[in-house]
Amino acid sequence: MEKNRIIMHIDMNAFFASVEQQNNPALRGKPVAVIGSAKRTIITTSSYEARAYGVKTGMTVWEAKQKCPEISLVVGDNRKYTYTSAQIMKIMLQFTPLVEVFSIDEAFLDLSGSIALFTSAERIAYLLKAQINHHFGIHCSIGIAPNKLLAKLASDMEKPDGLTVIRPEEATEVLERIPTGELCGIGAKTARQLALYGIKSCGELGRFPVEILRKRFGIIGERLHFMGLGVDDSPVIPAGDAEEVKSVGHSMTLERDISDRREILKNILQLSEMVGRRARRYNVYGKTITLSIRYADFDTSVGRQETLSCHINQSEDIYKAATCILDNLVLLQPIRLLGVRLSNLRYESNQLPLFSEERRKTFLVDAMDKVNNRYGDFTVTFGSLLDGNNKGSYVISPAWRPDGIRNVDVK
Amino acid sequence: MEFKIKKETFLKALHKVQGIIETRKTMPILSNVFIEAHADGIDVTATDLEVGMKSSYAATVTKPGKVTISAKKIYEILKELPDSEIYFSTRENDWIDLRCGKAQFNIVGLSPDEFPYFPKTDDCTFIKLDSSILNSMVEKTAYAICHDETKYSLNGVFIKAAEKDGKIVLKMVATDGHRLAITEREFDGILTKELQKGVIFPKKGIYEIKRITDDDPGEVLLSFMDNSSIIRKGNTTMVMRLVDGDFPDYTRVLPVSNTKTAIINCSNFLHTLKRISILSSDKFKGIRLELQNGNMEISANNPELGEARESMEVKYEGENIAMRFNAKYFIDVLSVIEESDVELNLKDELSPAILKPLNSNEFLSVIMPMHL
């Protein structure tokens, strides 16, 4: 790893809400909250005006209205967000080819080689802010630091529209009083476990004997130690070099909790078709099927997986494998969320089967995919899924990326 | 139990059973080899309950008896011993003492009473087969066996005898659902009811048949008992449980209207495919095969590596046709063809192709293309 890297982290402020405000001038300067389209939805993002009233992500609509009666609610339009995100990521590519899309509204840039062209990282930050604001009316918070860990921490320090620089020599001083939970990678659970050792700040974490951390947390222990010291060697990985996708999955929160087997199966079939379609589009086949279930009480969930003897990607086979897992489970409560995932992936060419029954099935799936590619998902589908409800992905997952197999077409 | 045996003989005996022993450790006794000493010599037996093998060897036995010992460990030891006489004896609790020169090993064995029963095969009536013919038939089909364990009836080679033009022919068929290999030879044995109906020999047994017939002419004896087949060659007897299932009706997948025929030099075809397929990585295995008047072009391209193409002269007079195939399926077939020319019969982009030696009815393979 080369020394003295310059890494930038960009975080779009109130991304979904800002896109909506830009789209509808009447909403600008007003408290706005973006909500999901499902019947039981929560606040996904709120504008800074709404945040001033205490509206937070994750609140129910009712709670938000309590805090801010005049709030404008907008049903999220995921297509708008994924489109805008992809456009913004393109702007970043003007400054360095090393752009790692971290989520729909966040990215890391490695600017180590770009300074010669643009004089300084701060200048790049201002140019980026200006361009993004000019084209999309969106503000962003930018952090500049010698590595990804610190850059992300820096961008979190000033919101909205911030620019924070952590120079290498300042790292120790900055980290001294930062709570461990502020670091990307240390969640509430880890922070609580660290607190049991009397570790509250990053400074304390860095000084804590690494052997004890290793004993308690395994390999992660060493990582935690270096995180406390503000050391992070992880490279910025541009899209083309990203590791191969390891799984294709979809999950959905159901409109209401269900326990009827027929209904559960119908939802599993729909998810299997979504997974199968995406796997087939990119010619990947998977050997392991995971079925995940979250129960009505929100807290308990189960995930079971089954590894098959051959690689599959037809929706019907995925459905059969997922059903098989379901049949071996004892459901404890009504189900709130269902997920189906295909992993253990292999890229394969489209070898046709020799026996005609199987071949007919392959041609049928192919024909269905072609129709659905042209006229939209679920135009031609399984009879049991014909219930008039809209189907597809309504949630942008953290794994969403502007292109490749992770580009889920969200509605 | 106590006997004296030449290292070379003992090593050969243990080498022979290495493919049989169970490696998955579900039953420890199956990783062991059963050694029985009697007046005439020793018998070495191994089994994984699907395929069992028993061979007899000359040895100077001073005290008869039996014991079992880890097949892998004793083989490793024998490999490293000097070429001289080995003294093998047992003590109480199935301990084994093995001496060779100044080397001495004391090894834990397992009780021979736990070892699975190996059927007595002396009363069976055997059919005689020519070892080299059997070997060649296995070679021409074994690569097409299906490895997907859920399709268990495809996990072996289907063997069937039938009357054809007043003669009896023995057929072997294997398929993995993407390609199929079928070979037939005349034979002058009797049509037993098992062979008439057709039986599926398990994959592992097929590989062992190949091994015992490799470079070893002579005759092989074949018989059936209960749900097993018995194969005897020289001092070795194998018992294998036949796959219980119905082999699919392979005659339905044999194309009958493949009218586009190309005649191609086998070894050129093979080497071209081997070269070009280097650029069809694991991720995108396909090669493209294009036939035009008198010419065939094989190409591969791979976004990560680059592309390759080569054309060769062939006898072809039909319309232009381009198809994609898994190169491995062709290489497998061409590698076992001894004739100098092959015939490739095609119909269209989505229908199976036939590849077989020119002017021969003894071997034929059907290969399904890939989607363009």
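Lettering follows sequence order; numbering is per chain, from 1.
Taking a 6.0 Å sphere around CG of B:D244, one finds it holds 12 or fewer heavy atoms contributed by other residues, nucleotides or ligands. Crowding of A:I219 atom CD1: a count of heavy atoms from other residues, nucleotides or ligands under 6.0 Å not exceeding 12. Few gaps surround NZ on B:K210; more than 12 heavy atoms of other groups in view lie less than 6.0 Å from it. Crowding of B:R185 atom CZ: a count of heavy atoms from other residues, nucleotides or ligands under 6.0 Å exceeding 12. The number of heavy-atom neighbours closer than 6.0 Å to CD of A:E357, taken from other residues, nucleotides and ligands shown, is above 12.
Interface with chain A: from residues 250-262 of chain B, residues B:R252, B:V253 qualify, criterion being any non-hydrogen pair under 4.5 Å.
With sequence neighbours left out, the salt bridge (Lys or Arg N to Asp or Glu O under 4.0 Å) criterion links B:E290 to B:R288. Applying the ring-ring contact (aromatic ring centres under 6.0 Å, His included) criterion to B:F247, with sequence neighbours excluded, gives B:F158.
Closest approach of A:F355 to B:P248, counting heavy atoms only: CZ-CG, 3.7 Å. The minimum heavy-atom distance between A:R359 and B:L350, with the atom names listed, is NE-O, 4.2 Å. Across every non-hydrogen atom of A:L352 and B:M368, the tightest pair is O-CG, 3.0 Å.
For a residue to count as touching a neighbouring chain, one of its non-hydrogen atoms must lie under 4.5 Å from one of that chain's; by this rule B:S351 does not touch chain A.
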Only distances under 3.5 Å count here; give the side-chain donor-acceptor pairs of residues 202-209 of chain B to other protein atoms, sequence neighbours excluded, each with its distance to 0.1 Å.
{"from": "B:K203", "atom 1": "NZ", "to": "B:H147", "atom 2": "ND1", "distance (Å)": "3.3"}
{"from": "B:K204", "atom 1": "NZ", "to": "B:I20", "atom 2": "O", "distance (Å)": "2.9"}
{"from": "B:K204", "atom 1": "NZ", "to": "B:D48", "atom 2": "OD2", "distance (Å)": "2.6"}

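Contact annotation: the side chain of A:T362 never approaches that of B:H371 to less than 4.5 Å [non-hydrogen atoms, C-beta and beyond].
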